[in-house]
Amino acid sequence: WCGLATHHVSSADFDALETALRAPDASADETLARFRRAAPHSPLSERAGEIERCFSGPTLADVIGALEREDTLWAGETLATLRRMSPTALTATWALFTRGATMTLRGCLDMEFHAARRMLEAPDFREGVRAVVVDKDRRPAWSPSTLEEVGVAAIEAMVEECA
């Protein structure tokens, strides 16, 4: 539905597909055509309008504001999820999305890989692990604790470096 994949193959067919692709005379196009199935319905398609309205703003603050104004169960749940996340990680994710909008998929994956490695070194990663895995209190003390306190310039420089 979102255009990321070209073919859908049932997971039950993966082994047979792999075997067929390894055959010496296998044609990838013909083999994929043989195993291709209709993609299942995407629940995201039902939310396309809301997603577009809420996530099309130029800044993360605009997205938060749009979710607050949307006044639907989905928007409320999405907003609650975002508010539980590390403000630094959210800001970095938004910067990656913004930068990636004009990049190839390969460029995005490379950039995100490098950014993920950098984020593993950030204090909020350790704090998230502590809150979920170690102490299991689910009450991380993010640093900084709000989106407004995040050094956006430093995040953008990190994303630029990773691109």
Determine whether a donor-acceptor pair (N or O, by modelled atom type, separation under 3.5 Å) exists between the side chain of [X] and the backbone of [Y].
X      : Y      : value
Asp124 : Ser143 : yes
Asp135 : Asp137 : no
Trp1   : Pro40  : no
Arg69  : Ile64  : no

Side-chain heavy atoms of [X] within contact of [Y], under 4.5 Å:
X      : Y      : value
Leu67  : Phe55  : yes
Pro87  : Val150 : yes
Phe14  : Val9   : yes
Leu17  : Leu21  : yes
Val129 : Phe125 : yes
Cys54  : Trp74  : yes
Pro144 : Thr88  : yes

Nearest 0.5 Å, what's the [atom1]-[atom2] distance between [X] and [Y]?
X      : Y      : atom1 : atom2 : result
Thr78  : Arg83  : OG1   : CZ    : 11.5 Å
Leu4   : Leu105 : CG    : CG    : 6.0 Å
His114 : Met158 : NE2   : CE    : 12.5 Å
Cys108 : Met103 : SG    : CE    : 5.0 Å
Arg53  : Arg47  : CZ    : CZ    : 10.0 Å
Glu148 : Thr146 : CD    : OG1   : 4.5 Å

If two hydrophobic side chains count as joined below 4.5 Å and joins carry through other members, does [X] share a cluster with [Y]?
X      : Y      : value
Val152 : Leu90  : no
Trp142 : Met119 : no
Val63  : Met85  : yes
Ile51  : Leu79  : yes

Do you know the tightest heavy-atom contact between [X] and [Y]?
X      : Y      : answer
Leu120 : Arg126 : O-NH1, 4.4 Å
Gly57  : Asp62  : CA-CB, 4.0 Å
Arg36  : Thr6   : NH2-O, 3.0 Å
Pro43  : His41  : CD-O, 3.5 Å
Arg130 : Pro140 : NH2-CA, 3.8 Å

As a quick check of understanding, evaluate salt bridge (charged side-chain N to carboxylate O under 4.0 Å, His left out) for Glu127 and Arg138, giving each step before the final call. CA-CA 10 Å; Glu127 178 58 14; Arg138 303 232 182 249; over 6 Å; no

Partner set under salt bridge (charged side-chain N to carboxylate O under 4.0 Å, His left out) for Arg37, not counting sequence neighbours: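 So Arg37 forms a salt bridge (charged side-chain N to carboxylate O under 4.0 Å, His left out) with Asp13.
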
Counting only heavy atoms not in Asp15, do more than 12 sit closer than 6.0 Å to its CG atom?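 Atom CG in Asp15 is not packed in, count stays at 12 or less.
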
Please check if atom CZ in Phe97 has more than 12 non-hydrogen atoms from other residues, nucleotides or ligands closer than 6.0 Å.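 12 or below, so no.
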
For residues 150-162, pull every pair meeting side chain to side chain donor-acceptor pair (under 3.5 Å), keeping only residues two or more places apart or in separate chains.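 Applying side chain to side chain donor-acceptor pair (under 3.5 Å) to every pair that reaches into residues 150-162, excluding sequence neighbours, yields Arg99-Glu160, Arg118-Glu161.
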
Flag for Arg84-Thr81: side-chain donor and acceptor within less than 3.5 Å: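 Looking only at side-chain atoms, Arg84 and Thr81 do form a donor-acceptor pair, the distance falling under 3.5 Å.
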
Check against side chain to side chain contact (heavy atoms under 4.5 Å, CB included), Trp94 and Ile155: CA-CA 10 Å; Trp94 185 257; Ile155 296 292; over 6 Å; no

Distance-only donor-acceptor hits, side chain of residues 23-35, under 3.5 Å, sequence neighbours excluded:
{"from": "Ser27", "atom 1": "OG", "to": "Glu30", "atom 2": "N", "distance (Å)": "3.3"}
{"from": "Thr31", "atom 1": "OG1", "to": "Ser27", "atom 2": "O", "distance (Å)": "2.8"}

